[in-house]
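Worksheet for the structure shown next.
Here, residue 1 is the first one in the sequence, and each next residue gets the next number.
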Amino acid sequence: MRREELVAAREAAGLSQEALAEAVGVYTSTVARWERGEVAPRAGLRADLAAALGVDLPALADLITPPTPATSAASWSAVLATAAPAERAPILAPLMAALMDYRATTHEPLDADALAAAVLAARADYQATRYAALSERLPVLLLRLPMATAVSGGRTSALAAAALMTAAGFALKVGNTSAATIAADRAMLAAAASGLPAAMGASARSVVHALMRTGQHAAAADLAMAQARLLAGDRDAHTEAVRGALLLRGAVAAAGAMDRDRSADLVAEADAIAARVPATVDGGAGFSSANVALHRVNLAVSLGDAGTALAVARTIDVDTIPLVERRAALAIDVARAYTQWGRYEAALDALHLAMRIAPEEVRTRRAVASMVDTLGRAGPPSLRPHVRAYAARMAAAT
């Protein structure tokens with residue numbers, strides 16, 4: 001994109017970035033990305049853009065030539081793309097095999113107490129972002145789930161659902177949507193067999209997440225709302241926490257569908273639940289008022305409101321966030337907000353913080369790899385050696 005000419009055309013029309021964004025119907029951050037040469041305006045917006053700038057379409061076409069893709073040699077994240085398949089294959093193969101063998105295994109099953117301990121250990125690894133350890137623990141756990149978990153009911157089925165939910169979350173982390181979908185579906189079956197509302201609501205979150213990963217954001221939001229309604233009459237604190245976490249997942253899905261109103265409503269409802277549920281009751285998902293604030297940051301970034309995201313982030317006391325995964329996620333979202341603003345040095349500082357908190361979490365995040373590439377291409381020349389060093393650290397993280 002010939003960004004200097006585009007900026008000149010906007011200024012000649014007497015428009016600020018904010019005014020141009022309003023005229024075209026996009027976010028100010030989107031106009032900023034056009035002018036930095038990161039993306040080209042979508043075809044459907046170009047007539048309105050030409051009208052706002054006072055130029056004809058042929059002239060506009062000269063201003064918005066698409067950005068040239070970075071070659072693999074120049075891409076600051078190329079090292080990540082080349083390292084990922086070899087590193088992830090040993091993780092995905094046993095996980096997928098264990099999921100396919102579920103309920104048909106001849107492995108010695110765990111009794112209820114041993115299953116509870118194993119599920120707790122797997123969940124702890126997941127929340128602490130110890131993904132290398134989890135990749136060894138999970139397949140063994142899944143292969144030792146009691147064969148009758150889908151029909152036995154009660155605690156055993158609820159524990160099996162929890163194990164499968166962890167598997168679904170981990171599969172999404174390492175980029176295997178198929179494995180995640182299988183695990184989420186089987187978690188729902190086991191949760192339904194348990195007859196426990198909290199287990200059913202928690203397993204629904206996994207399905208919502210899997211739907212989001214396949215781009216079905218509106219359907220994911222619908223499912224989250226429907227499942228949350230089923231839990232609305234249960235005032236048990238644990239069930240309430242599960243419902244709050246489900247509403248937050250639904251808010252993220254609604255934001256993915258660019259449904260701002262529904263997203264805001266779901267967050268507000270979750271916030272009300274967090275205000276009355278003790279912080280020690282988390283529903284297995286780290287649900288609390290602090291977690292609601294984290295989601296507000298994430299949603300603002302996802303909707304292009306970088307300023308709001310940073311303002312909310314400044315109000316969060318990191319010491320109130322017990323989960324390593326969530327602390328790292330906050331740092332990554334702050335980096336995303338700074339990237340949207342074009343404050344690339346601050347974005348890289350936030351990414352370094354995320355790396356210090358949870359290197360394995362950083363390694364799994366596609367958003368981080370995308371930011372690294374953006375920082376390397378659009379950042380000032382003085383920043384590029386630091387971006388290259390960060391990309392190397394990501395490739396080395398295990």
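Between R243 and E269, at least one side-chain N (NZ, or NE/NH1/NH2) sits under 4.0 Å from a carboxylate O, which counts as a salt bridge.
Here the closest heavy-atom approach between residue P380 and residue E345 is recorded as CG-OE2, 3.3 Å. The two residues P197 and L231 come nearest to each other via the heavy atoms O-CD2, 3.3 Å. Annotation for A198 and T239: closest pair CB-OG1, 3.9 Å, computed over non-hydrogen atoms. Nearest heavy-atom pair across G244 and A270 is O-CB, 3.8 Å. A pairwise comparison of heavy atoms in V242 and A202 identifies CG1-N, 3.3 Å as the closest pair. The heavy-atom pair separating V24 from A52 by the smallest distance is CG2-CB, 4.5 Å.
Here S194 contributes atom OG and L189 contributes atom CG; the two are 11.5 Å apart, rounded to the nearest 0.5 Å. A distance of 11.0 Å separates CG of D271 from CZ of R276, quoted to the nearest 0.5 Å. With values rounded to the nearest 0.5 angstrom, K173 atom NZ is found 14.5 Å from S135 atom OG. With values rounded to the nearest 0.5 angstrom, L20 atom CG is found 6.0 Å from L49 atom CG. Note: Q127 CD to T166 OG1 = 8.0 Å, rounded to the nearest 0.5 Å. Atoms CG and CG, on L115 and L159 in that order, are 4.5 Å from each other to the nearest 0.5 Å.
D261 pairs by the side-chain hydrogen bond (donor to acceptor under 3.5 Å, both in side chains) definition with nothing, not counting sequence neighbours. With sequence neighbours left out, D317 forms a salt bridge (charged side-chain N to carboxylate O under 4.0 Å, His left out) with no residue at all. D125 pairs by the salt bridge (charged side-chain N to carboxylate O under 4.0 Å, His left out) definition with R130, R137, not counting sequence neighbours. Under the salt bridge (charged side-chain N to carboxylate O under 4.0 Å, His left out) criterion, R260 pairs with D305, not counting sequence neighbours. By the salt bridge (charged side-chain N to carboxylate O under 4.0 Å, His left out) test, R229 pairs with no residue at all, sequence neighbours left out.
Listed by first then second residue, pairs satisfying side-chain hydrogen bond (donor to acceptor under 3.5 Å, both in side chains) with a partner in residues 244-253 read H209-R249, not counting sequence neighbours. Listed by first and then second residue, the salt bridge (charged side-chain N to carboxylate O under 4.0 Å, His left out) pairs that reach into residues 14-31 come to none, sequence neighbours excluded. For residues 351-380, every residue pair satisfying the ring-ring contact (aromatic ring centres under 6.0 Å, His included) rule, not counting sequence neighbours, is listed here: H352-Y390. Residue pairs that meet the salt bridge (charged side-chain N to carboxylate O under 4.0 Å, His left out) test with at least one member in residues 330-340, sequence neighbours left out, are D333-R336.
Two different hydrophobic clusters hold L303 and V301 under the rule that ILVMFWY side chains link at heavy-atom gaps under 4.5 Å. Hydrophobic clustering, with ILVMFWY side chains joined whenever heavy atoms are under 4.5 angstrom apart, groups V368 together with M355. The hydrophobic clustering, which links ILVMFWY residues whose side-chain heavy atoms are closer than 4.5 Å, places L246 and M200 apart.
Side-chain N or O atoms of E240 include none that pairs as donor or acceptor with a backbone N or O of I273 at under 3.5 Å. Here the side chain of S302 pairs a donor or acceptor atom with the backbone of N298 at under 3.5 angstrom. In this structure, the side chain of T339 engages the main chain of A335 through a donor-acceptor pair within 3.5 Å.
A 4.5 Å side-chain heavy-atom check between D185 and V207 finds every atom pair outside the cut-off. Using a 4.5 Å cut-off on side-chain heavy atoms (C-beta onward), L351 and M394 make no contact. You'll find the side chain of F287 reaches within 4.5 Å of the side chain of L248, heavy atoms only.
Annotation for V312: hydrophobic cluster partners, listed by chain and number, are L294, V297, L310, I316, V318, I321, L330, V334, Y338, W341 (ILVMFWY side-chain heavy atoms under 4.5 Å, direct or chained). Counting side-chain heavy-atom gaps under 4.5 Å among Ile, Leu, Val, Met, Phe, Trp and Tyr, M165 is found in no cluster with other residues.
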Which donor-acceptor pairs under 3.5 Å do the side chains of residues 212-225 make with protein atoms, sequence neighbours left out?
unit_1	atom_1	unit_2	atom_2	d
R213	NH1	L172	O	3.0
T214	OG1	L211	O	2.8
T214	OG1	Q216	NE2	2.9
D222	OD1	R262	NH1	2.7
D222	OD1	R262	NH2	3.3

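Under the side chain to side chain contact (heavy atoms under 4.5 Å, CB included) test applied with E361, the options R327, E325, R326 reduce to a single match, E325.
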Handout entry: Test side-chain contact (heavy atoms from CB on, under 4.5 Å) applied to M371 and I332, step by step
Key = CA-CA 10 Å; M371 273 189 286; I332 292 169; 4.0 Å; yes
